[in-house]
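The next block holds one structure in the form of C-alpha cells; read it before the comments.
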Amino acid sequence: MAEPAVTGTWRLVIDTPIGKQHAVLELSTQDGVLRGVAKDDKHGDEIALTDLALDGDRLTWAQSIRRPMRLNLTFDVTVTGDELTGRAKAGRLPSSKVSGHRVTPV
C-alpha cells in the first residue's frame, strides 16, 4: 500500500489573535491508518492528533493544547504538494489562518 501524499514532517504557522504560533506536524501510517502528532517547538509538548482524516487533498484533524492556554482545536487544510493552507478553529474564538510546508517526506 502506498503512503498517503501527506506523510512526513511539516512545519506549521498558525496566525492567532495572540500572535503567530509555530508547530511541527508529523504524519505517518501504521497498518494502513494515517496517524499524527503535533509538537510545540517552544515548549517541547507532543500531542496526538485525533479525528485525523484525508479526503482527496483535504486534511482535517483535532487536537487539545495546554499552552499558551488550554484549547481544543480543529484544523481543516488543503494540501498541495509540499504546501498546506487552511484554518484552525478553537471553540468560539475566530478561526486562524494556518500555513505550512513539508520539510521531510516519510
Side-chain angles (χ1 to χ4, degrees):
M1 177 180 211
E3 290 285 316
V6 297
T7 56
T9 301
W10 296 80
R11 291 211 176 271
L12 303 183
V13 177
I14 306 153
D15 197 1
T16 75
I18 61 169
K20 292 184 187 292
Q21 303 296 313
H22 299 267
V24 174
L25 190 68
E26 293 183 356
L27 300 174
S28 61
T29 57
Q30 182 178 9
D31 299 324
V33 176
L34 186 60
R35 302 201 184 278
V37 295
K39 295 180 179 181
D40 177 347
D41 280 344
K42 191 174 190 180
H43 302 105
D45 295 335
E46 184 172 298
I47 302 152
L49 306 182
T50 58
D51 302 325
L52 185 58
L54 179 63
D55 183 10
D57 62 356
R58 182 177 178 213
L59 180 66
T60 57
W61 73 90
Q63 68 186 73
S64 297
I65 61 169
R66 291 175 292 225
R67 296 180 206 178
M69 62 185 75
R70 288 185 180 270
L71 292 170
N72 293 319
L73 304 172
T74 57
F75 288 79
D76 189 338
V77 300
T78 300
V79 179
T80 306
D82 290 332
E83 302 295 320
L84 64 76
T85 57
R87 310 293 287 173
K89 185 85 171 107
R92 295 183 198 178
L93 297 174
S95 64
S96 298
K97 181 181 171 186
V98 176
S99 61
H101 67 277
R102 184 173 8 209
V103 291
T104 57
V106 169

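For this chain, numbers begin at 1 and follow the sequence in order.
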If you compare all heavy atoms of [X] against all heavy atoms of [Y], which two are closest, and at what distance to 0.1 Å?
| X | Y | value |
| --- | --- | --- |
| Trp10 | Gly100 | CE3-C, 4.5 Å |
| Ser96 | Ile14 | CB-CG2, 3.9 Å |
| Val37 | Ala48 | CG1-CA, 4.1 Å |
| Arg87 | Val98 | C-CG2, 3.8 Å |
| Val24 | Arg11 | CG2-NH1, 3.2 Å |
| Thr7 | Ser28 | CG2-CA, 3.9 Å |

(message) With a 4.5 Å cut-off on side-chain heavy-atom distances among I, L, V, M, F, W and Y, is there a chain of contacts connecting Leu25 to Val13?
(response)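 In one cluster with Leu25: Val13, no.
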(message) Would a single hydrophobic cluster contain both Trp61 and Leu93, if residues Ile, Leu, Val, Met, Phe, Trp and Tyr are joined by side-chain heavy-atom contacts under 4.5 Å?
(response) yes
(message) Please report the interatomic distance CG(Leu27) to CG(Leu49), rounded to the nearest 0.5 Å.
(response)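 Result: 6.5 Å between the selected atoms.
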(request) Enter the distance from Asp15:CG to Ser95:OG here, rounded to the nearest 0.5 Å. (result) 11.0 Å
(request) Start with the C-alpha gap between Ile65 and Ile47, add the side-chain angles, then the distance that decides, and say whether side chain to side chain contact (heavy atoms under 4.5 Å, CB included) holds. (result) CA-CA 7 Å; Ile65 61 169; Ile47 302 152; 3.8 Å; yes
(request) For the pair Arg102 and Asp82, find out whether any cationic side-chain nitrogen is under 4.0 Å from an anionic carboxylate oxygen. (result) yes
(message) Is it the case that the side chain of Thr16 and the backbone of Gly19 share a donor-acceptor pair, with hydrogens and angles ignored and the cut-off at 3.5 Å?
(response) yes
(message) Looking at Lys89 and Gly91, would you say the former's side chain and the latter's main chain have a donor-acceptor pair under 3.5 Å?
(response) yes
(message) Assess, by modelled atom type and distance only, whether the side chains of Asn72 and Ser64 contain a donor and an acceptor separated by less than 3.5 Å.
(response) yes
(request) Could you walk me through whether His101 and Val103 pass side chain to side chain contact (heavy atoms under 4.5 Å, CB included), step by step? (result) CA-CA 6 Å; His101 67 277; Val103 291; 3.5 Å; yes
(message) Tell me which one of Leu52, Val79, Val77 satisfies side-chain contact (heavy atoms from CB on, under 4.5 Å) with Val6.
(response) Val79
(message) My understanding is that only one of Leu12, Thr78, Asp57 makes a side-chain contact (heavy atoms from CB on, under 4.5 Å) with Leu84; could you say which?
(response)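 For Leu84, the side-chain contact (heavy atoms from CB on, under 4.5 Å) check succeeds only for Leu12.
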(request) Kindly indicate, with the supporting measurements, whether the criterion side chain to side chain donor-acceptor pair (under 3.5 Å) is fulfilled by Thr9 and Thr104. (result) CA-CA 5 Å; Thr9 301; Thr104 57; 3.2 Å; yes
(message) With a 6.0 Å cut-off (strictly less than), is the heavy-atom count around CZ of Arg58, excluding the residue itself, greater than 12?
(response) no
